[in-house]
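First listed ligand is number 1; within each ligand, the first listed atom is number 1.
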Amino acid sequence: MLIRFGVSIEKELLDKFDAVIRGRDYPTRSKAIEDFIRQAIIDSEISKDTAEVVGSIDIVYDHHKREVLNKLTDIQHDFQDVILSSQHIHLNHHDCFEIVIVKGDKRMIEKLANRIKAAKGVKQSSLRIAGA
Ligand code: NI
(Lines give C-alpha, C1' and ligand atoms only; values in the text may rest on other atoms or scores of the structure.)
Protein backbone atom coordinates (compact mmCIF):
# COMPACT_ATOMS: atom_id res chain seq x y z
CA MET A 1 0.00 0.00 0.00
CA LEU A 2 1.37 3.41 -0.96
CA ILE A 3 0.93 6.35 1.38
CA ARG A 4 1.31 10.01 0.45
CA PHE A 5 2.66 12.30 3.12
CA GLY A 6 3.63 15.95 3.25
CA VAL A 7 7.06 17.09 4.32
CA SER A 8 8.11 20.61 5.33
CA ILE A 9 11.71 21.32 4.51
CA GLU A 10 14.00 24.33 3.91
CA LYS A 11 13.98 25.29 0.21
CA GLU A 12 17.76 25.47 0.10
CA LEU A 13 18.08 21.95 1.48
CA LEU A 14 15.50 20.60 -0.95
CA ASP A 15 17.30 22.25 -3.91
CA LYS A 16 20.54 20.56 -2.86
CA PHE A 17 18.75 17.25 -2.42
CA ASP A 18 17.19 17.55 -5.90
CA ALA A 19 20.62 18.25 -7.39
CA VAL A 20 22.04 15.15 -5.68
CA ILE A 21 19.25 12.86 -6.88
CA ARG A 22 19.43 14.28 -10.43
CA GLY A 23 23.14 13.39 -10.42
CA ARG A 24 22.22 9.85 -9.44
CA ASP A 25 19.62 9.49 -12.19
CA TYR A 26 16.65 8.97 -9.91
CA PRO A 27 13.44 9.15 -11.98
CA THR A 28 11.47 10.79 -9.17
CA ARG A 29 12.00 12.39 -5.78
CA SER A 30 9.72 9.73 -4.27
CA LYS A 31 11.97 6.92 -5.49
CA ALA A 32 15.03 8.66 -4.02
CA ILE A 33 13.38 9.26 -0.64
CA GLU A 34 12.15 5.65 -0.56
CA ASP A 35 15.71 4.40 -1.19
CA PHE A 36 17.21 6.64 1.48
CA ILE A 37 14.62 5.54 4.03
CA ARG A 38 15.23 1.89 3.18
CA GLN A 39 19.01 2.39 3.50
CA ALA A 40 18.58 4.08 6.90
CA ILE A 41 16.55 1.08 8.12
CA ILE A 42 19.17 -1.38 6.81
CA ASP A 43 21.99 0.65 8.40
CA SER A 44 20.16 0.58 11.70
CA GLU A 45 19.57 -3.19 11.51
CA ILE A 46 23.13 -4.09 10.48
CA SER A 47 24.66 -1.87 13.14
CA LYS A 48 23.52 -4.40 15.75
CA ASP A 49 26.25 -6.86 16.73
CA THR A 50 23.82 -9.76 16.66
CA ALA A 51 22.52 -8.98 13.16
CA GLU A 52 22.07 -11.71 10.59
CA VAL A 53 23.34 -10.17 7.37
CA VAL A 54 24.05 -10.89 3.71
CA GLY A 55 26.99 -9.47 1.82
CA SER A 56 30.10 -10.05 -0.20
CA ILE A 57 33.84 -9.97 0.29
CA ASP A 58 35.99 -8.82 -2.63
CA ILE A 59 39.55 -10.07 -2.75
CA VAL A 60 42.40 -9.19 -5.11
CA TYR A 61 45.54 -11.28 -4.71
CA ASP A 62 48.66 -12.30 -6.56
CA HIS A 63 48.42 -16.04 -7.00
CA HIS A 64 52.21 -16.28 -7.46
CA LYS A 65 52.69 -15.31 -3.83
CA ARG A 66 53.65 -18.37 -1.84
CA GLU A 67 50.82 -20.14 -0.10
CA VAL A 68 48.19 -17.46 -0.67
CA LEU A 69 45.84 -19.86 -2.43
CA ASN A 70 46.17 -22.49 0.30
CA LYS A 71 45.77 -19.85 2.97
CA LEU A 72 42.58 -18.45 1.42
CA THR A 73 41.17 -21.94 1.00
CA ASP A 74 41.97 -22.82 4.62
CA ILE A 75 40.26 -19.67 5.86
CA GLN A 76 37.17 -20.28 3.75
CA HIS A 77 36.89 -23.85 5.01
CA ASP A 78 36.99 -22.53 8.59
CA PHE A 79 34.03 -20.26 7.81
CA GLN A 80 31.92 -22.52 5.61
CA ASP A 81 28.86 -21.89 7.83
CA VAL A 82 28.62 -18.31 6.55
CA ILE A 83 29.88 -18.77 2.97
CA LEU A 84 27.24 -19.37 0.31
CA SER A 85 29.44 -19.32 -2.78
CA SER A 86 32.51 -17.81 -4.35
CA GLN A 87 33.61 -16.85 -7.82
CA HIS A 88 37.14 -16.51 -9.15
CA ILE A 89 38.25 -14.41 -12.12
CA HIS A 90 41.82 -14.28 -13.50
CA LEU A 91 42.49 -10.55 -13.86
CA ASN A 92 45.91 -10.62 -15.49
CA HIS A 93 49.11 -12.68 -15.42
CA HIS A 94 49.56 -12.14 -11.67
CA ASP A 95 46.31 -11.12 -10.12
CA CYS A 96 43.12 -12.94 -9.30
CA PHE A 97 39.82 -11.42 -8.25
CA GLU A 98 37.58 -13.43 -6.00
CA ILE A 99 34.17 -12.59 -4.65
CA VAL A 100 32.81 -14.52 -1.69
CA ILE A 101 29.08 -14.33 -0.98
CA VAL A 102 28.30 -14.50 2.71
CA LYS A 103 25.19 -14.84 4.85
CA GLY A 104 24.79 -15.20 8.60
CA ASP A 105 26.13 -13.87 11.88
CA LYS A 106 27.63 -10.41 11.36
CA ARG A 107 30.45 -10.89 13.87
CA MET A 108 31.47 -14.16 12.20
CA ILE A 109 31.42 -12.51 8.76
CA GLU A 110 33.55 -9.59 9.99
CA LYS A 111 36.00 -12.07 11.48
CA LEU A 112 36.19 -13.88 8.13
CA ALA A 113 36.72 -10.60 6.27
CA ASN A 114 39.50 -9.60 8.67
CA ARG A 115 41.25 -12.97 8.32
CA ILE A 116 41.15 -12.66 4.53
CA LYS A 117 42.40 -9.06 4.55
CA ALA A 118 45.29 -9.98 6.82
CA ALA A 119 46.38 -13.01 4.76
CA LYS A 120 49.80 -12.65 3.15
CA GLY A 121 49.57 -12.08 -0.58
CA VAL A 122 46.16 -10.39 -0.44
CA LYS A 123 46.52 -6.98 -2.09
CA GLN A 124 43.02 -5.64 -1.45
CA SER A 125 39.94 -6.88 0.26
CA SER A 126 36.69 -5.32 1.36
CA LEU A 127 33.49 -6.47 2.97
CA ARG A 128 30.20 -5.07 1.76
CA ILE A 129 27.13 -5.81 3.82
CA ALA A 130 24.13 -5.58 1.52
CA GLY A 131 21.37 -6.00 4.03
CA ALA A 132 19.95 -7.79 6.99
NI1 NI B 1 43.22 -16.56 -11.01
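Judged by distance alone, the side chain of E110 and the main-chain N or O of R107 form no donor-acceptor pair under 3.5 Å.
Protein atoms that are N, O or S and lie under 2.8 Å from the Ni ion (ligand 1) are these: H88 NE2, H90 ND1, C96 SG.
Remark: K123 pairs with D95 by the salt bridge (Lys or Arg N to Asp or Glu O under 4.0 Å) rule, at least two apart or across chains.
Annotation: the span from Y26 atom OH to F17 atom CZ amounts to 8.0 Å, rounded to 0.5 Å.
Transitive grouping of hydrophobic side chains (ILVMFWY, heavy atoms separated by less than 4.5 Å) keeps L13 and V20 in distinct clusters. When hydrophobic clusters are built by joining Ile, Leu, Val, Met, Phe, Trp and Tyr residues whose side-chain heavy atoms come closer than 4.5 Å, directly or via intermediates, I42 is not grouped with I101.
Residue Q76 is tested with E98, K71, R115 for a side chain to side chain donor-acceptor pair (under 3.5 Å); the sole match is E98.
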